[in-house]
Amino acid sequence: MKEFNFDIWRLQAQSDVRGLLDALKNPNPSLRQRAAMALRVMGSPSALPALQDALLKEIDKETRDIIIATLEILFTQEHDNDSAPSRAGSQVVEFISRLNSVNTEHAVRAAQGLGEIQEKVGG
């Protein structure tokens, strides 16, 4: 498994988004963090759905923070010229991060917020 640390760098150098997304499922939080950071540096908006899924499953606080920052940056890059989608993207990230809250009320409000954004976007 030691070689996997090198693999994150190699996957980033080869622009291997699929490999980095697979690394987000690794049991080692440090490797998940590096994979999320590599996706951020690469500016891979195609990774947004998988990062959202990873955020929902993530239990390590530091890794969650890194995934949230990565999602926000990728949403911003994806909607460079239009501030409204960027703001909505940031809200989506925040709502997703609250979905698995231990506070049921926060999770319900997050789900409602996501539904409202989907209605506004026309989904």
Side-chain angles (χ1 to χ4, degrees):
M1 201 60 150
K2 285 184 179 180
E3 290 183 24
F4 198 77
N5 290 328
F6 172 76
D7 282 346
I8 297 294
W9 176 85
R10 181 183 53 78
L11 293 169
Q12 180 181 347
Q14 294 174 348
S15 298
D16 185 349
V17 174
R18 173 62 45 210
L20 290 167
L21 293 176
D22 288 342
L24 288 174
K25 300 172 189 169
N26 190 285
N28 183 334
S30 176
L31 295 176
R32 294 193 305 271
Q33 292 169 13
R34 289 186 199 135
M37 288 187 279
L39 290 164
R40 181 188 327 167
V41 169
M42 289 171 48
S44 305
S46 65
L48 285 168
L51 283 162
Q52 290 171 345
D53 289 344
L55 178 60
L56 287 173
K57 296 172 186 167
E58 187 56 60
I59 57 172
D60 179 74
K61 182 183 177 352
E62 187 175 349
T63 305
R64 285 179 57 79
D65 291 345
I66 290 170
I67 293 172
I68 288 170
T70 298
L71 283 165
E72 288 175 344
I73 288 169
L74 293 179
F75 270 121
T76 301
Q77 288 174 352
E78 186 177 45
H79 300 289
D80 248 352
N81 300 325
D82 192 354
S83 62
S86 178
R87 192 176 72 247
S90 186
Q91 287 177 327
V92 167
V93 171
E94 181 63 30
F95 287 141
I96 289 172
S97 70
R98 292 183 187 177
L99 279 177
N100 62 354
S101 172
V102 293
N103 183 323
T104 306
E105 187 176 334
H106 288 163
V108 169
R109 285 186 183 164
Q112 290 170 335
L114 287 169
E116 290 172 10
I117 289 174
Q118 184 175 4
E119 286 177 16
K120 288 178 186 176
V121 175

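In this chain, residues are counted from 1 in sequence order. Since we're looking at a predicted model, the values are computed, not measured.
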How long is the gap from [atom1] on [X] to [atom2] on [Y], to the nearest 0.5 Å?
X	Y	atom1	atom2	answer
R64	L56	CZ	CG	8.0 Å
L39	T70	CG	OG1	7.0 Å
K25	L31	NZ	CG	15.0 Å
R18	S44	CZ	OG	11.5 Å

Across all chains, not counting sequence neighbours, the salt bridge (Lys or Arg N to Asp or Glu O under 4.0 Å) partners of D16 are none
The side-chain contact (heavy atoms from CB on, under 4.5 Å) partners of Q33 (sequence neighbours excluded) come to P29, M37, D60, E62, T63, I66
Sequence neighbours excluded, which residues qualify as side-chain contact (heavy atoms from CB on, under 4.5 Å) partners of A54? L24, I67
Report yes or no: does R40 contribute a side-chain atom to a donor-acceptor pair with the main-chain N or O of I73 at less than 3.5 Å? no
Salt bridge or not between K57 and D53? Use side-chain N to carboxylate O under 4.0 Å. no
On a heavy-atom basis, which atom in [X] and which in [Y] lie closest, and how many Å separate them?
X	Y	value
L21	A47	CD2-CB, 3.8 Å
P49	P45	CD-O, 4.3 Å
A35	L20	CB-O, 3.6 Å
A23	I8	CB-CD1, 3.7 Å
A38	Q12	CB-OE1, 3.5 Å

